[in-house]
Protein chains: 2
Amino acid sequence: MKTLGDTLKEARDGINLILRKVSAEVDIDQSLISKFEKNERKPTKEQLIRLADFYNLSHKDLIISWYSEKIAEDLKYSESTSEILKVAEEKINYYKTHNNGK
Amino acid sequence: MKTLGDTLKEARDGINLILRKVSAEVDIDQSLISKFEKNERKPTKEQLIRLADFYNLSHKDLIISWYSEKIAEDLKYSESTSEILKVAEEKINYYKTHNNGK
DNA sequence: AAGTTTTAGACAATATTTGTCCAAATATAA
DNA sequence: TTATATTTGGACAAATATTGTCTAAAACTT
């Protein structure tokens with residue numbers, strides 16, 4: 001199962017850059033980026049966007065990865081997870097249709 | 001769409017108790033309980049369990065409500081929500097089958 | 001071995017969540 | 001209406017969690 005960290009690492013490997021360089025470009029501490037790649041920290045959404053832009057990765061894909069990992073982390077040890085997700089989706093749809101958009 | 005707050009309020013109305021009484025029984029500030037009922041605060045999981053026990057409500061149902069509201073709150077303004085939830089579920093299942101249980 | 005890159009961990013700064021209190025608002029009863 | 005009781009809003013401090021920064025050790029390259 002490919003993690004967000006894997007994606008970031010692959011992207012960096014793909015262009016053969018060292019952390020120090022990426023760090024300078026995206027203005028994020030290299031130690032943080034290292035941790036993102038090893039899934040020891042989660043980037044903020046802003047950081048994620050900056051990395052996506054720099055690496056030319058799909059915003060959408062990264063955001064999906066980012067949110068889904070957050071949710072999975074939360075529910076990992078919980079029961080009834082598929083019901084929870086089903087209800088969550090209903091609520092979201094309800095919300096979206098009733099407050100249209102924002 | 002029935003909220004967690006609605007459920008708690010209905011339960012209390014069902015047994016006709018005032019906040020002060022419930023508060024004393026479950027040891028949660030009455031103002032907090034009021035806010036739970038109005039969805040202005042979210043109970044902690046522990047508080048939720050104590051309320052469930054006191055009101056004789058299904059733990060499972062309340063937990064589903066609690067988590068799904070949390071997730072919905074997070075994703076409310078996001079795009080690709082159904083994809084996010086789909087991927088989240090895959091990750092959870094992956095996690096559960098590979099670390100079986102806990 | 002020397003130099004470079006990556007990583008772990010401690011730490012302060014910041015932000016978020018939580019519990020508590022009280023007085024204003026609302027409802028109920030006399 | 002007035003008096004009494006209940007509910008609610010809001011401010012605040014305490015506790016907890018997240019975030020960014022730095023440093024030096026570990027791992028890797030030359």
Side-chain angles (χ1 to χ4, degrees), chain A residues 3-55 62-63 65-78 88, chain B residues 3-55 62-63 65-78 88:
Chain A
T3 66
L4 178 58
D6 292 339
T7 303
L8 294 173
K9 180 71 161 60
E10 278 169 22
R12 186 165 66 87
D13 287 348
I15 56 179
N16 244 61
L17 279 184
I18 64 176
L19 288 171
R20 186 163 50 75
K21 296 284 185 187
V22 180
S23 170
E25 291 291 337
V26 298
D27 192 39
I28 301 172
D29 190 282
Q30 64 175 34
S31 168
L32 265 190
I33 301 176
S34 163
K35 290 177 174 76
F36 297 159
E37 293 180 355
K38 311 184 82 229
N39 299 300
E40 289 173 1
R41 288 263 188 123
K42 215 168 251 323
T44 65
K45 247 198 266 187
E46 285 68 28
Q47 290 169 332
L48 190 62
I49 296 310
R50 271 185 277 151
L51 289 165
D53 287 342
F54 180 70
Y55 290 136
L62 288 199
I63 288 286
S65 211
W66 188 81
Y67 269 123
S68 64
E69 284 186 9
K70 196 143 83 93
I71 293 169
E73 188 60 33
D74 260 14
L75 295 186
K76 214 157 48 171
Y77 301 130
S78 177
Chain B
T3 67
L4 179 57
D6 293 338
T7 304
L8 293 174
K9 180 70 163 60
E10 278 170 20
R12 186 165 66 87
D13 286 348
I15 56 178
N16 245 62
L17 278 183
I18 65 176
L19 287 170
R20 187 163 48 77
K21 295 285 186 186
V22 178
S23 170
E25 290 291 337
V26 299
D27 192 38
I28 302 172
D29 189 282
Q30 64 175 35
S31 169
L32 266 189
I33 301 175
S34 163
K35 291 175 175 79
F36 298 158
E37 293 179 355
K38 313 185 81 228
N39 299 299
E40 289 172 2
R41 287 266 187 119
K42 215 167 254 324
T44 64
K45 246 198 269 187
E46 285 68 28
Q47 290 169 333
L48 190 63
I49 297 309
R50 271 185 277 150
L51 288 165
D53 287 341
F54 180 69
Y55 290 136
L62 289 198
I63 288 286
S65 211
W66 188 83
Y67 269 122
S68 63
E69 285 186 9
K70 196 145 83 95
I71 294 169
E73 187 60 33
D74 260 15
L75 296 186
K76 213 156 52 171
Y77 301 130
S78 177

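Predicted, not measured: the structure shown is a model, and the values here were computed from it. Below, read A as the first sequence line, B as the second, and so on, with proteins coming before strands; counting in each chain starts at 1.
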- Sequence neighbours left out, what passes side chain to side chain contact (heavy atoms under 4.5 Å, CB included) with B:Glu73? Give chain and number order. B:Lys76

- Judged by atom type as modelled, is there a donor-acceptor pair below 3.5 Å linking the side chain of B:Asp13 to the main-chain atoms of B:Glu10? no

- Beyond-backbone contact of B:Phe54 with B:Ile15, side-chain heavy atoms, under 4.5 angstrom: yes

- Item | CD1-OG1 distance between A:Ile49 and A:Thr44, expressed to the nearest 0.5 angstrom | 9.0 Å

- Nucleic acid contacts of residues 36-50 of chain B, taken as heavy-atom distances under 4.0 Å to DNA chain D: B:Lys38, B:Glu40

- Message: Given the structure, check if the side chain of A:Lys35 and the base of D:dG20 hold any donor-acceptor pair shorter than 3.5 Å.
- Response: no

- Rounding to the nearest 10°, end axes of the helix from C:dA1-D:dT30 to C:dA30-D:dT1 built from five pairs each make an angle of 30°

- Is there a side-chain contact between B:Ile33 and B:Gln47, using heavy atoms and a 4.5 Å cut-off? no

- What distance do B:Leu51 atom CG and B:Glu25 atom CD have between them, rounded to the nearest 0.5 Å? 11.5 Å

- Item | Nearest-0.5 Å distance, CG of residue A:Leu4 to OG of residue A:Ser68 | 8.5 Å

- Note on the structure: Counted 5' to 3', the first and last nucleotides of DNA chain C within 4.0 Å (strictly under) of a heavy-atom of chain A are C:dT5 to C:dG9

- Item | Close approaches to DNA chain C from residues 4-34 of chain B, in residue order (heavy atom, under 4.0 Å) | B:Asp29, B:Ser31, B:Leu32

- Atom CH2 of B:Trp66 and atom CG of B:Leu48: how far apart are they, to the nearest 0.5 Å? 7.5 Å

- Item | Contact list for residues 41-55 of chain B, test salt bridge (Lys or Arg N to Asp or Glu O under 4.0 Å), sequence neighbours left out | B:Lys42-B:Glu69

- Rounding to 0.5 Å, atoms OG1 (B:Thr7) and CD (B:Glu37) come to a distance of 10.5 Å

- Sub-4.5 Å side-chain heavy-atom contact between B:Asp6 and B:Thr3: yes

- Message: For the NZ atom of A:Lys70 and the CD1 atom of B:Ile71, what is their distance to the nearest 0.5 Å?
- Response: 10.0 Å

